[in-house]
Amino acid sequence: MTTPVPIASTTVSDAASGALGVREDGPVLHVDLNPTGGASLGVAAIDELTALLDGLHDRPETRALVLSSTGDDFCLGADRGEYRAALAADPTGASLRRIVDKANRLCQALESSHTVSIARLHGGVVGAGLALAAFCDLRVAAETCRFRMPEVAVGLAPAWGGALGRLISEAGAARIRELMLTCDSFDAWTAQRIGLVHKVAPPDELDRVVDAWTRPLARRSAEALTLTKRMFAGYARADRTADVALLDAHLLAACLSRP
């Protein structure tokens, strides 16, 4: 049964009226990117998803959040058109830095939420889309998925959401360094082998895999899930003691400001 959920003084239905589609199935919340068909991750989606995650702090009964997309691709990266428009309107880069800082707040909200997050991946998972998926606790990819980290190829530093530290923590520095520097596309099986996804399935079996995760999560103690998630987050962050995520906005603005 789909019902509105109170989120940040409104409901999920109201908050997600533009860039997200949201439905509730008992203790599981399903969130869809790109309900209107766009494949990039813009400010509207970032703001709505951050507000939704912030609102979940008051809903301990929500055990899992499944993040997916209604388009042909999960996400093809950040909306660089918004970046260019922000820089054209404010050549100092201040407006652009504020936009990029939003991505960092989103990823921190995803990592620190008590809710177990599941990325249901299909189609292209590129740039910011891969970064967003990496901050989810569990990740399943369709066997037809294609992944890529294209930042260097388009002249940008890998500066979105503090994801570089998370990617290194999840898959290892050597593997991420190669994929980041070469900008090579890779398949779902490679993503699983290096630890970027947990499971690979045929496209029509993605929901079965997600259900196999959410069913037991729905029965678990909310307190035990929260403590376990935060313990993992604490140990992961211990590997990122030199985390420079707060510099992401400045790095990206500097790259885009070059003539």
Of the non-hydrogen atoms in [X] and [Y], which two are nearest, and what is the gap between them?
X: Leu87; Y: Gly93; value: CD1-CA, 3.9 Å
X: Leu121; Y: Ala133; value: CD2-CB, 3.9 Å
X: Ala191; Y: Phe147; value: CB-CE1, 3.8 Å
X: Tyr83; Y: Ala78; value: OH-CB, 3.4 Å
X: Val200; Y: Ala188; value: CG2-O, 3.5 Å
X: Ala103; Y: Ile46; value: N-CG2, 4.2 Å

For this session: Check the pair Leu65 / Val28 against side-chain contact (heavy atoms from CB on, under 4.5 Å), numbers first and verdict last.
Result: CA-CA 6 Å; Leu65 182 151; Val28 180; over 6 Å; no
At what distance, to the nearest 0.5 angstrom, does [atom1] of [X] lie from [atom2] of [Y]?
X: Thr115; Y: His57; atom1: OG1; atom2: NE2; result: 8.5 Å
X: Thr214; Y: Leu217; atom1: OG1; atom2: CG; result: 7.0 Å
X: Leu110; Y: Leu52; atom1: CG; atom2: CG; result: 10.5 Å
X: Arg63; Y: His114; atom1: CZ; atom2: NE2; result: 8.0 Å
X: Leu138; Y: Trp213; atom1: CG; atom2: CH2; result: 5.0 Å
X: Phe135; Y: Ser113; atom1: CZ; atom2: OG; result: 13.5 Å

Kindly work out whether a path of hydrophobic side-chain contacts (I/L/V/M/F/W/Y, heavy atoms less than 4.5 Å apart) joins [X] to [Y].
X: Val209; Y: Phe74; result: no
X: Val31; Y: Leu130; result: yes
X: Leu20; Y: Leu29; result: yes
X: Val210; Y: Val116; result: yes
X: Val43; Y: Leu76; result: no

Just by modelled atom types, is the [Y] backbone N or O under 3.5 Å from a matching donor or acceptor in the [X] side chain?
X: Arg139; Y: Leu196; value: yes
X: Arg120; Y: Val66; value: no
X: His122; Y: Gly71; value: yes
X: Glu151; Y: Ala159; value: no
X: Ser169; Y: Gly165; value: no
X: Arg166; Y: Ala134; value: yes

Problem set entry | Chi angles and distances behind the side-chain contact (heavy atoms from CB on, under 4.5 Å) call for Val152, Thr182 | CA-CA 8 Å; Val152 173; Thr182 63; over 6 Å; no
[Y] and [X], any side-chain heavy atoms less than 4.5 Å apart:
X: Arg148; Y: Val125; result: no
X: His30; Y: Val22; result: no
X: Leu167; Y: Leu179; result: no
X: Cys75; Y: Leu132; result: no
X: Leu164; Y: Met180; result: yes
X: Val197; Y: Val140; result: no
X: Ile118; Y: Leu67; result: no
X: Leu41; Y: Asp79; result: no

Problem set entry | Test: Arg175 and Glu170 ion pair at under 4.0 Å | no
Problem set entry | SB check Lys102 Asp47 (cutoff 4.0 Å) | yes
For this session: Would you check if there is a donor-acceptor pair between the side chains of Asp32 and Thr70 at a distance under 3.5 Å?
Result: no
For this session: Compute whether any side-chain donor of one residue and acceptor of the other, for Arg98 and Ser95, lie under 3.5 angstrom apart.
Result: yes
Problem set entry | Enclosure of Glu223 CD (heavy-atom neighbours >12, cutoff 6.0 Å) |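 No, because the 6.0 Å sphere around CD of Glu223 holds 12 heavy atoms or fewer from other groups.
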For this session: Please assess Cys107 against Trp160 for the test side-chain contact (heavy atoms from CB on, under 4.5 Å), listing each intermediate value before the final yes or no.
Result: CA-CA 9 Å; Cys107 292; Trp160 192 94; 3.6 Å; yes
Exercise. With sequence neighbours excluded, what pairs up with Asp137 under the salt bridge (Lys or Arg N to Asp or Glu O under 4.0 Å) test?
Worked result: Lys229
Exercise. What's the verdict on side-chain contact (heavy atoms from CB on, under 4.5 Å) for Thr228 and Leu225, showing C-alpha distance, side-chain angles and the deciding distance?
Worked result: CA-CA 5 Å; Thr228 302; Leu225 286 175; 5.9 Å; no
Exercise. What residue pairs, at least two apart or across chains, pass side-chain hydrogen bond (donor to acceptor under 3.5 Å, both in side chains) with a residue in residues 185-199?
Worked result: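 Sorted pair list: Arg146-Ser185, Asp187-Thr190.
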